[in-house]
Amino acid sequence: MRVDNTSGSGGSAIYIANSMIKSGYVNTVLIIGAEKMTSVPSRRSTSIIASLLSERERKSGLTLPSLAAFMAKAYMREYGVGMEMISSVAVKNHRNGALNQYAHFQKPVDLSDIMKSKIIADPLRLYDFCPVSDGAASLILTRDDMAQSFTGKAVKIRGISSYSSNPVISERKSLLEIDCVKEASDKVFKETGLTRKDVDFAEVHDMSTILEIVESENIGFFEKGSGYMALRDGITEISGELPINPSGGLNSKGHPIGATGVAQACEVYQQINGLAGPRQVKRHEVGFTLNMAGFGNNAVAGIYEAFS
Amino acid sequence: MKVYRCENCSSSFLEKRSRCYNCRSDRLLEYDVSSGIVLDTVQLFATPDNLPETYYILRISSDGITFFCRSPTQIGEGEKVSLMEDDNSICCKAERDQI
Ligand SMILES: [Zn+2]
């Protein structure tokens with residue numbers, strides 16, 4: 001089965017496979033997320049990615065980076081935050097990516113390098129975005145009673161939810177609220193009976209630096225307008241209270257579109273099993289993933305825990 | 001350019017729909033907007049290959065609806081623009097340039 005849900009394809013594939021197993025239709029599913037993006041020039045890939053926008057928004061020349069720029073401007077205006085604060089997400093995530101042998105970029109960057117990099121969509125610069133990457137990730141999903149026959153290190157999907165928003169971005173009420181992220185997250189916490197405080201670490205969809213901050217608020221980890229404070233105060237660092245994107249995230253690990261959601265689950269698998277080496281988070285019993293399609297057209301939120 | 005409004009709940013839409021996504025009414029009116037006010041702008045330096053290498057995206061408010069349009073030149077927030085749509089583009093021009 002081919003699952004194509006743009007940037008959310010990987011998360012959607014896991015969501016569908018999980019539903020098929022739970023409903024008893026199948027026993028075991030091999031999920032492969034893969035994308036080759038570097039074979040076309042970057043302006044062509046910008047064009048291909050923009051094709052997920054609604055027809056008339058595409059006609060206006062809108063692109064995903066320009067939407068992130070509008071979001072960043074709205075956030076800065078609303079909460080009095082500067083660009084340096086938003087770009088600090090890239091400093092953190094490149095530092096994490098430097099500890100990940102599977103990351104596209106494995107080199108730390110400092111804020112001055114970021115602030116000197118090329119402007120892509122003013123005020124956002126090159127390092128505020130994920131790179132164009134080739135990549136793949138895979139995992140095996142199976143019934144609970146069969147898990148031990150595959151490995152002694154199985155990880156359990158405690159819950160997984162999906163939600164879709166209005167794909168016409170200009171028709172949404174606010175640039176700072178991504179309905180599908182909020183709703184998918186609310187659903188998965190309700191479904192599992194867990195709270196945000198139960199989550200030990202998270203992998204979220206930082207296609208742009210501003211998205212990590214806004215998503216962390218929309219998921220409900222932090223109050224509206226305080227996501228940047230958590231970043232500033234080190235809460236989202238690997239050593240912090242709630243590490244976000246210990247893998248380096250899309251920003252440093254890369255964002256091969258169809259592979260991303262699966263790669264997030266692979267990172268969670270490694271972290272929960274204590275196999276993440278130098279980027280291992282301290283508390284790693286419960287991991288959260290947020291994979292987003294388009295600019296909030298759809299989101300899949302997952303909660304994972306050790307198999308007992 | 002054409003936009004749409006629900007007769008029942010007054011929600012406005014950029015894209016044509018068969019039903020209002022807010023109240024599910026099928027009483028949707030098509031109407032024209034020819035000008036608007038700039039809410040915000042972003043200059044783009046990485047653009048799709050079928051468009052110029054740099055341009056501005058403007059967020060526009062007009063007659064109860066918000067949408068995006070393109071301009072080759074910078075137009076400030078609060079300025080009035082006239083809107084043009086053809087098969088391939090939604091563009092705008094500062095009204096000050098037309099006087
Ligand atoms: Zn209505």
Side-chain angles (χ1 to χ4, degrees), chain A residues 40-78 117-126 128-132 164-175 179 208 210 295, chain B residues 1-6 9-17 19-22 28 30 33 36 38-62 64-72 74 77 81 83-92:
Chain A
V40 295
S42 61
R43 294 191 68 212
R44 184 87 275 270
S45 64
T46 302
S47 186
I48 293 167
I49 293 166
S51 67
L52 60 84
L53 295 166
S54 78
E55 189 186 343
R56 292 181 83 207
E57 292 199 319
R58 202 163 58 240
K59 276 170 72 174
S60 72
L62 199 63
T63 61
L64 268 64
S66 61
L67 285 164
F70 279 112
M71 179 182 266
K73 289 181 80 176
Y75 196 89
M76 291 193 288
R77 221 170 18 233
E78 188 78 17
S117 68
K118 186 187 165 195
I119 297 176
I120 300 295
D122 194 20
L124 300 177
R125 295 169 182 271
L126 186 69
D128 286 300
F129 293 99
C130 58
V132 174
S164 295
S165 298
N166 185 350
V168 189
I169 287 118
S170 56
E171 292 177 355
R172 295 180 190 166
K173 286 193 184 78
S174 165
L175 285 167
D179 281 356
S208 172
I210 183 63
F295 203 79
Chain B
M1 56 182 270
K2 300 257 183 278
V3 292
Y4 308 90
R5 179 178 290 143
C6 171
C9 74
S10 301
S11 296
S12 296
F13 313 105
L14 176 68
E15 298 285 353
K16 191 172 185 177
R17 290 173 162 84
R19 284 188 180 270
C20 170
Y21 71 69
N22 186 39
L28 299 180
E30 182 178 288
V33 289
V38 178
L39 297 175
D40 202 358
T41 66
V42 161
Q43 188 175 11
L44 257 186
F45 295 91
T47 63
D49 58 357
N50 58 330
L51 294 174
E53 288 190 4
T54 181
Y55 54 81
Y56 293 83
I57 295 279
L58 288 77
R59 199 162 156 256
I60 305 288
S61 171
S62 174
I65 183 165
T66 303
F67 52 86
F68 296 99
C69 73
R70 185 167 84 240
S71 166
Q74 186 165 21
E77 287 168 32
V81 291
L83 304 158
M84 296 147 282
E85 180 172 16
D86 59 26
D87 288 347
N88 302 311
S89 64
I90 294 178
C91 293
C92 61

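Numbered from 1 within each chain, the chains take letters A, B, ... in sequence-line order. Remember, it's a predicted structure, so these values are computed and weren't measured experimentally.
- Scored by the side-chain contact (heavy atoms from CB on, under 4.5 Å) test, B/Asp86 finds B/Asn88, B/Ser89 as partners (sequence neighbours excluded).
- The distance from atom CD1 of A/Ile119 to atom OG1 of B/Thr54, rounded to the nearest 0.5 Å, is 10.0 Å.
- Both the backbone and the side chain of B/Thr41 have a heavy atom closer than 4.5 Å to some heavy atom of chain A.
- The greatest number of non-hydrogen atom pairs below 4.5 Å with chain B, out of A/Ser45, A/Pro41, A/Ser54, A/Ala50, is found for A/Ser54.
- Rounding to the nearest 0.5 Å gives a distance of 10.0 Å between OG of A/Ser60 and CD1 of B/Ile60.
- Using a 4.5 Å cut-off between heavy atoms, A/Arg77 contacts chain B through its side chain alone, with no backbone atom that close.
- From B/Ile57, atom CD1 reaches atom CG of A/Asp122 across 13.0 Å, with rounding to the nearest 0.5 Å.
- Counting heavy-atom pairs under 4.5 Å between each of A/Glu55, A/Arg44, A/Arg56 and chain B puts A/Arg56 at the top.
- Residues of residues 64-73 of chain A that come closer than 4.5 Å to chain B, counting heavy atoms only, are A/Ser66, A/Leu67, A/Ala69, A/Phe70, A/Lys73, ordered by residue number.
- Checked for salt-bridge contact, A/Glu171 and B/Arg17 meet the test: a charged N lies under 4.0 Å from a carboxylate O.
- To the nearest 0.5 Å, the span separating CG on A/Leu53 from CZ on B/Phe68 amounts to 9.5 Å.
- Atom NZ of residue A/Lys59 and atom CG of residue B/Asp87 lie 6.0 Å apart, to the nearest 0.5 angstrom.
- Heavy-atom distances place the side chain of B/Tyr55, and not its backbone, under 4.5 Å from chain A.
- Contact count versus chain B (heavy atoms, under 4.5 Å) is highest, among A/Ala74, A/Ala121, A/Pro123, for A/Ala121.
- Considering all non-hydrogen atoms of both residues, A/Thr46 and B/Pro48 come closest at CG2-N, 3.9 Å.
- Only the side chain of B/Tyr21 comes within contact range of chain A, with at least one heavy atom under 4.5 Å from a heavy atom of that chain.
- The CD1 atom of A/Ile120 sits 9.0 Å away from the CG atom of B/Leu44 when rounded to the nearest 0.5 Å.
- Contact of B/Glu53 with chain A is made through backbone and side chain together, with heavy-atom distances under 4.5 Å.
- A donor and an acceptor atom, one from each side chain of B/Arg59 and A/Ser170, are nowhere located under 3.5 Å apart.
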